[in-house]
2 protein chains.
Amino acid sequence: MNKTVKIKNRIKEFRARHDFTQEELANRVEVRRETIGHIEKGRYNLSLILAWKISRALESSIEELFKFEELDN
Amino acid sequence: MNKTVKIKNRIKEFRARHDFTQEELANRVEVRRETIGHIEKGRYNLSLILAWKISRALESSIEELFKFEELDN
DNA sequence: TATAAATGTTATTTATTATTAACATAAAGT
DNA sequence: ACTTTATGTTAATAATAAATAACATTTATA
């Protein structure tokens with residue numbers, strides 16, 4: 001029984017609360033707009049530092065912003 | 001004023017509490033022993049999923065296990 | 001003190017994140 | 001309807017995490 005971990009996130013939701021566009025958030029955390037887009041869509045397993053920068057920019061925490069689920073395959 | 005983020009971690013400390021060697025922890029999170037060693041020494045900016053796996057294996061949380069600091073340079 | 005177990009460290013390779021650029025589509029505003 | 005503004009998406013490249021292998025050093029322990 002092999003397990004993989006997937007991440008869901010609430011970036012879009014928190015971004016809306018702050019009225020930030022993807023580009024504004026990207027500027028604040030110093031990555032490209034597309035990178036934020038890809039992360040929101042769960043396309044990659046971002047680094048811990050980037051996760052922290054994003055959670056700070058959104059006045060949140062990593063654990064609040066990112067939800068982890070273990071899946072069997 | 002440019003800012004960079006550095007990570008400090010308490011993996012070694014938590015590992016000791018559980019009486020895990022680097023290798024045991026590595027097996028549990030499915031990475032190499034050297035990878036755990038490098039992370040403990042702060043040599044790389046691990047992925048969010050790996051950070052989560054490690055914090056779970058040590059019955060802790062990401063925010064508890066990893067401390068972030070902003071530095072000027 | 002000799003032996004084994006655990007950790008340190010470095011160099012090279014592989015895998016994956018993130019950048020870049022380019023264009024498409026959607027939504028909002030004039 | 002036209003024009004911005006925001007987001008979606010893809011392909012190619014660059015940057016870096018993680019794997020691998022090999023050997024050194026430290027710590028425990030027989």
Side-chain angles (χ1 to χ4, degrees), chain A residues 2-63 65-71 73, chain B residues 2-63 65-71 73:
Chain A
N2 199 8
K3 281 178 183 176
T4 52
V5 178
K6 272 206 64 177
I7 305 179
K8 285 191 177 178
N9 71 79
R10 300 168 67 191
I11 297 174
K12 189 169 184 171
E13 175 191 341
F14 278 69
R15 200 163 51 71
R17 288 191 199 169
H18 286 264
D19 204 31
F20 289 163
T21 63
Q22 288 187 344
E23 192 158 33
E24 274 176 278
L25 177 58
N27 290 337
R28 281 165 195 267
V29 302
E30 295 169 300
V31 294
R32 299 221 100 207
R33 169 189 68 81
E34 298 92 324
T35 301
I36 298 296
H38 284 133
I39 291 167
E40 280 189 7
K41 287 269 189 296
R43 293 214 177 82
Y44 32 73
N45 174 19
L46 73 173
S47 72
L48 183 57
I49 285 178
L50 181 49
W52 181 78
K53 282 179 166 183
I54 292 173
S55 65
R56 282 214 108 196
L58 297 175
E59 296 178 293
S60 185
S61 68
I62 291 175
E63 315 269 6
L65 207 54
F66 299 92
K67 302 295 177 183
F68 303 87
E69 32 186 331
E70 253 172 347
L71 302 170
N73 37 348
Chain B
N2 199 7
K3 281 178 184 176
T4 53
V5 178
K6 272 206 64 175
I7 305 179
K8 285 191 176 178
N9 73 79
R10 300 168 67 193
I11 297 174
K12 189 170 185 171
E13 175 191 341
F14 278 68
R15 201 162 50 71
R17 289 191 199 170
H18 287 263
D19 204 31
F20 290 163
T21 64
Q22 288 187 343
E23 192 158 33
E24 274 176 279
L25 178 57
N27 290 338
R28 283 166 192 265
V29 302
E30 295 169 298
V31 294
R32 298 222 103 209
R33 169 190 67 80
E34 297 92 325
T35 300
I36 297 296
H38 284 132
I39 291 167
E40 280 189 6
K41 286 270 187 298
R43 293 212 178 83
Y44 30 74
N45 174 19
L46 72 172
S47 71
L48 183 56
I49 285 178
L50 181 49
W52 181 77
K53 283 179 164 183
I54 292 173
S55 64
R56 281 214 108 196
L58 298 175
E59 295 178 293
S60 185
S61 68
I62 291 176
E63 315 270 7
L65 206 55
F66 299 92
K67 303 293 177 185
F68 303 87
E69 33 186 329
E70 253 172 349
L71 303 169
N73 38 347

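Residue numbers start from 1 in every chain, and the chains themselves are labelled A, B, ... in the order their sequence lines are given, proteins ahead of strands.
For NZ of B:K12, the number of neighbouring non-hydrogen atoms (other residues, nucleotides, ligands) closer than 6.0 Å is 12 at most.
Of all heavy-atom pairs spanning B:S61 and A:E63, the tightest one is CB-OE2, 3.3 Å. Closest approach of A:R15 to A:L25, counting heavy atoms only: CD-CD2, 3.8 Å. Across every non-hydrogen atom of B:A57 and B:V29, the tightest pair is CB-CG1, 3.9 Å.
OP1 or OP2 of D:dT20 sits under 4.0 Å from a side-chain N or O of B:R32. For the OP1/OP2 pair of C:dT19 and a distance below 4.0 Å, the side-chain nitrogens and oxygens of A:T35 include at least one atom meeting the criterion.
Ring geometry for A:W52 against B:F68 counts as parallel: the plane angle stays under 30°, on a 0 to 90° scale with 60° as the upper cut.
A:N45 has its CG atom 16 Å from the C1' atom of D:dA15, to the nearest Å. Taking atom CD of residue A:E30 and atom P of nucleotide D:dA15, one finds them 17 Å apart after rounding to whole Å. Look at CD1 on B:I39: it is 12 Å from C1' on D:dA19, rounded to the nearest Å. Counting to the nearest Å, the P atom of C:dA18 and the NE2 atom of A:H38 are 11 Å from each other. The separation between B:Y44 atom OH and D:dT20 atom P is 12 Å, rounded to whole Å. Atom CD1 in A:I49 sits about 12 Å away from atom C1' in D:dA17, given to the nearest Å. What separates CD1 of B:I36 from P of D:dT20 is a distance of 14 Å, to the nearest Å. Taking atom CG of A:L50 as the reference point, atom P of D:dT16 lies 13 Å away to the nearest angstrom.
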Extract from the structure each pairing of a protein N or O with an N or O of nucleotides 4-8 of chain C at less than 3.5 Å, listing the distance.
| from | atom 1 | to | atom 2 | distance (Å) |
| --- | --- | --- | --- | --- |
| C:dT7 | OP1 | B:R15 | NH1 | 2.9 |
| C:dT7 | OP2 | B:Q22 | N | 2.7 |
| C:dG8 | OP1 | B:K41 | NZ | 2.6 |
| C:dG8 | OP2 | B:Q22 | NE2 | 2.8 |
| C:dG8 | N7 | B:R33 | NH1 | 3.3 |
| C:dG8 | O6 | B:R33 | NH2 | 2.9 |

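With a 4.5 Å cut-off on side-chain heavy atoms, B:T4 and A:I49 do not count as touching.
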